[in-house]
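One structure is given below, encoded as structure tokens.
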Amino acid sequence: MILVTVGTHNKGFERLVCAADELAIEMREQVVIQYGSSQYIPKHADNFQWTSCQEMERLTRAARVVVTHAAAGSMISALLHKKPMVIVPRSSIYGESIDDHQNQLAKAISLQGTAIYVKKPTPNALKLAIRNCVELKTFTSSDLQLIIYLKEQLNVWDQTARPWFHSVFGKG
């Protein structure tokens with residue numbers, strides 16, 4: 001099974017959802033899409049809008065490959081479950097996020113050799129990335145360097161790159 005997730009972000013991610021739905025037509029295995037706030041509802045893949053953390057964990061464990069937006073929680077879950085991962089970052093150009101921090105995070109993870117980075121999702125780009133990601137090095141939970149790096153990078157962004165967030169929402 002191929003699991004595609006766009007997380008709980010309040011902005012849609014139609015580019016990924018539409019491309020993954022079109023990919024489902026060609027795939028010989030089940031494609032499950034969590035479409036979240038996207039307006040497009042998949043027609044060819046199994047899909048759902050929201051679910052519990054427990055169900056997402058179950059789906060991640062069951063997946064052969066996880067295709068995800070570049071959110072730390074989704075990526076860490078795939079890494080901890082040792083799943084090959086394709087990362088498609090949201091982009092501010094398309095109104096999918098307010099900045100391009102996901103692009104930076106996706107590049108950093110792909111440079112570690114544990115994921116395939118896809119900037120522009122198309123059915124063909126996703127198909128090729130899925131095929132190639134199964135050859136990536138396996139992440140082991142005893143190798144915490146990547147998780148440590150992610151947490152450190154998120155702290156840097158939290159403290160410096162996004163001060164507007166704290167001025168609006170507080171440090172809570």
Side-chain angles (χ1 to χ4, degrees), residues 1-21 23-24 30-38 40 42 45-92 94 96-121 125-126 129-130 132-134 136-141 143-158 162 165:
M1 181 248 300
I2 306 296
L3 174 63
V4 180
T5 179
V6 300
T8 59
H9 199 287
N10 64 350
K11 295 180 183 276
F13 198 0
E14 274 74 17
R15 289 185 312 130
L16 176 55
V17 174
C18 291
D21 193 37
L23 175 68
Q30 181 184 24
V31 176
V32 176
I33 301 172
Q34 181 263 322
Y35 62 89
S37 295
S38 301
Y40 177 83
D46 293 333
N47 62 83
F48 59 96
Q49 185 173 24
W50 314 110
T51 194
S52 67
C53 292
Q54 294 82 6
E55 179 62 6
M56 282 305 294
E57 288 293 316
R58 186 192 73 72
L59 289 167
T60 301
R61 279 192 308 273
R64 181 176 69 87
V65 173
V66 174
V67 179
T68 181
H69 67 145
S74 299
M75 292 186 303
I76 288 172
S77 179
L79 290 168
L80 289 175
H81 290 293
K82 302 177 184 175
K83 296 301 174 176
M85 183 171 37
V86 175
I87 304 173
V88 183
R90 293 171 175 270
S91 174
S92 62
Y94 300 104
E96 299 158 346
S97 64
I98 57 172
D99 61 22
D100 289 323
H101 72 280
Q102 283 201 0
N103 193 44
Q104 295 168 330
L105 196 52
K107 284 180 183 176
I109 298 296
S110 68
L111 288 173
Q112 295 286 324
T114 54
I116 300 289
Y117 165 73
V118 174
K119 188 171 185 175
K120 295 181 180 178
L126 293 176
I130 289 166
N132 291 336
C133 78
V134 295
L136 295 171
K137 68 180 179 182
T138 303
F139 176 81
T140 60
S141 57
D143 178 13
L144 296 177
Q145 285 302 110
L146 185 56
I147 292 175
I148 291 168
Y149 171 80
L150 277 173
K151 287 181 179 181
E152 288 172 354
Q153 188 63 49
L154 289 170
N155 282 333
V156 168
W157 287 332
D158 190 42
R162 301 172 84 188
F165 182 86

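This one's a predicted model, so the numbers in the text were calculated from it and none came from an experiment.
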Side-chain (Ser110) to main-chain (Ala115) donor-acceptor, under 3.5 angstrom:
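Side chain of Ser110 to backbone of Ala115, a donor-acceptor pair under 3.5 Å: no, none is there.
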Please check: side-chain N/O of Asp100 versus main-chain N/O of Ser91, any donor-acceptor pairing under 3.5 Å?
no
Distance from [X] atom [atom1] to [Y] atom [atom2], nearest 0.5 Å?
X	Y	atom1	atom2	result
Asn47	Tyr40	CG	OH	9.0 Å
Leu126	Ile116	CG	CD1	12.0 Å
Tyr117	Leu111	OH	CG	10.0 Å
Leu3	Gln30	CG	CD	9.5 Å
Leu79	Thr114	CG	OG1	5.0 Å
Ile76	Thr68	CD1	OG1	11.0 Å

So do [Y] and [X] actually touch side chain to side chain, heavy atoms under 4.5 Å?
X	Y	value
Arg90	Val6	yes
Met75	Leu105	yes
Trp50	Ser37	yes
Tyr35	Asp21	no

Would you name the heavy atoms of [X] and [Y] that are closest together and state the gap between them?
X	Y	value
Met85	Ala78	SD-CB, 3.8 Å
Ala45	Ala24	CB-CB, 3.7 Å
Val32	Phe48	CG1-CE2, 3.6 Å

How far apart are the C-alpha atoms of Val17 and Val4, what are their side-chain angles, what is the distance that settles it, and do they pass the side-chain contact (heavy atoms from CB on, under 4.5 Å) test?
CA-CA 8 Å; Val17 174; Val4 180; 6.0 Å; no
Contacts under 3.5 angstrom, residues 58-67 side chains, donor-acceptor by atom type, not counting sequence neighbours:
from: Arg58; atom 1: NE; to: Glu55; atom 2: OE1; distance (Å): 3.0
from: Arg58; atom 1: NE; to: Glu55; atom 2: OE2; distance (Å): 3.3
from: Arg58; atom 1: NH2; to: Glu55; atom 2: OE2; distance (Å): 2.7
from: Thr60; atom 1: OG1; to: Met56; atom 2: O; distance (Å): 2.8
from: Arg64; atom 1: NE; to: Glu29; atom 2: OE1; distance (Å): 3.3
from: Arg64; atom 1: NE; to: Glu29; atom 2: OE2; distance (Å): 3.0
from: Arg64; atom 1: NH2; to: Glu29; atom 2: OE2; distance (Å): 2.5

Does any pair with a residue in residues 2-18 pass side chain to side chain donor-acceptor pair (under 3.5 Å), and if so which ones, sequence neighbours excluded?
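Pairs touching residues 2-18 that pass the test: Thr5-Gln34, Arg15-Glu96.
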Using the side-chain hydrogen bond (donor to acceptor under 3.5 Å, both in side chains) criterion, which residues pair with Glu57? Sequence neighbours excluded.
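side-chain hydrogen bond (donor to acceptor under 3.5 Å, both in side chains) list for Glu57, sorted by chain: Ser77, His81.
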